[in-house]
Amino acid sequence: MADKDKVFIFDTTMRDGEQSPGASMSLEEKIQISRVFDELGIDIIEAGFPIASPGDFEAVSAISKVLKKSIPCGLARHSKKDIDRCYEALKHAPRFRIHTFISTSPLHMKHKLNKTPEQVYDSIKEHVTYARNLTDDVEWSCEDGTRTDMDYMCKTVELAIKSGAKTINIPDTVGYTVPSEFTKIIETLLNKVPNIDKAILSTHCHNDLGLAVANSLAGIQAGARQIECTINGIGERAGNAALEEVVMAIRTRNDLMPYETGINTTLLSKASKLVSNVTGFPVQFNKAIVGKNAFAHESGIHQDGMLKNRNTYEIMTPESVGVKQTSLVMGKHSGRHAFKDKLISLGYADLTDDVIENAFGKFKVLADKKKHIYDEDIIALVDDSLVLDNKANNLVLKSLKVFAGTGEPQKADMTLDVNGQIKSATETGDGPVDAIFKCIKSLYPHDVNLQLYQVHAVTEGTDAQATVSVRIEENGKTTVGQAADTDTLVASANAYIAALNKMILKREKTAPMMEQQEEKMRGI
Ligand code: KIV
Ligand code: ZN
């Protein structure tokens, strides 16, 4: 494969994606995601914005230590403090990238930065050079690039490359451009910037007009060779270009876009589910590539065509993105060894013994309750074990009884382990879930806003497991808890408790001074 045919995939799920209102990920979840992304074959992983908070710093640092193939990257504004913090977080990795950015559009320079174009120009030389002295892998972005004067952009890009940037990223920060215009921007840079051959051009398209993927592909066809994107397209406002869509478009229409990414597409479905679980953002049913209905054929004519020849209505196979036929997997007589083999076949090759043991225990309990156990059930159990079995958990559900139905007010009896103390409470509520959440509140008094409560059936049938997601908010910080159980109410209690445990951890880890700093930083 000649170099010019390689399109680098730069994932920013844990940086731009985490900037989606309500999407927050704990350190453990980010590490779990990073491992899957590494396996997926993502070239560069933007793990966070280290100066934004101690949590971001810690996450970038931890991720840079676990990645085996992907290059870790951190974001920094044009400020030596930002760049130093980024370097400190990344320096343990054998290779890492510092991504520094400044706005170049007249609107942003005047109203956001209060700087003249000359001042911004001078800042590029100073800060890209500074970053380059810390690593030879520097990426520079001209924020609000698609609303920047083209001659000015050419000058700034030339200077950034001269100062040491090896990747030049052109963000469509507000999702304003259209494919024909973005093509022109990339072509102009390639034709007019004299040293452009010394850098790779990159796209970073937001989806405000629903054009992020189309614009990214237009950029690639015009000569860019890196796409910045996120799993499920999460990100600021309407999100970023969806990784799974750009990758599958390049793969499926390779006749028109003869490029290669290093992505193992059979892991796309797993990555999508993981990001959705962790953020609590559901994937819409008709979402391209990873939606529940993306490969479902409902109409009789389509089904008939599919039976005769799959190509009639299928442009890519479900298997190519990791969607397997729902398969009956195991029963209550299956042993530990078979269970472990099954986990490996589902892509969980490097789980710790503790997690496997915990998931196996849950599998045995489930097998007693549920007649048929499918791959999806096993995946839900493992994800649940990864999220819930944190030894540092402050709150653990010991028992729950719920009285629901017509007539009587709904009531919950709960016993909870609160920091090692066993406590019980009974509460009535406006529905069983309300009664459960009130019990938790009376046993562990707290004041958070419930932002999201969501239930999904893992498989078909009335005995299916339910996965419940709960998102809570406290002083601008959000956490998501998830749990699966055949009993929706037990899953609801565990999901709420998981969200609270994460919030407690977040409180402990964020010093008050840094909190203020974080809020300021998030205003980028
Ligand atoms: O959208 C944007 O402009 C960004 C930059 C920080 C690259 O996310
Ligand atoms: Zn962005």
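Both counts, for ligands and for their atoms, begin at 1 and track the order of listing.
Contacts with ligand 1 closer than 4.0 Å are made by side-chain heavy atoms of His204 only, the backbone lying farther away.
The atoms of ligand 1 that sit less than 4.0 Å from any heavy atom of Pro171 are 2 (C), 3 (O). Those atoms of ligand 1 with a heavy atom of Glu143 less than 4.0 angstrom away are 3 (O). Of all atoms in ligand 1, numbered sequentially from 1 with element shown, those under 4.0 Å from a heavy atom of His206 are 1 (O).
The closest side-chain donor-acceptor pair between His456 and Thr467, if any, does not fall under 3.5 angstrom. Between the side chains of Tyr259 and Asn254, no donor N or O sits under 3.5 Å from an acceptor N or O. Judged purely by distance below 3.5 Å, without hydrogens or angles, the side chains of Arg251 and Thr265 pair a donor atom with an acceptor atom. Asp137 and Thr135 are not linked by any side-chain donor-acceptor pair at a separation below 3.5 angstrom, with hydrogens and angles left out of the test. A donor-acceptor contact closer than 3.5 angstrom links the side chains of Ser469 and Gln482.
Arg15 has no carboxylate O lying under 4.0 Å from a charged side-chain N of Glu18, or vice versa, which leaves the two without a salt bridge. Using a 4.0 Å cut-off between charged side-chain N and carboxylate O, Lys287 and Glu245 make a salt bridge.
Ligand 1 has a nitrogen or oxygen under 3.5 angstrom from a nitrogen or oxygen of Asp16. In terms of polar-atom proximity, Asp144 is not counted as a contact of ligand 1, lacking any N or O under 3.5 Å from an N or O of the ligand.
The shell of residues lying under 4.0 angstrom from ligand 1, judged by heavy atoms, includes Arg15.
Distances from the Zn ion (ligand 2) to each N, O or S atom of Asp16 single out OD2 as the nearest. Closest to the Zn ion (ligand 2) among the N, O or S atoms of His206 is NE2.
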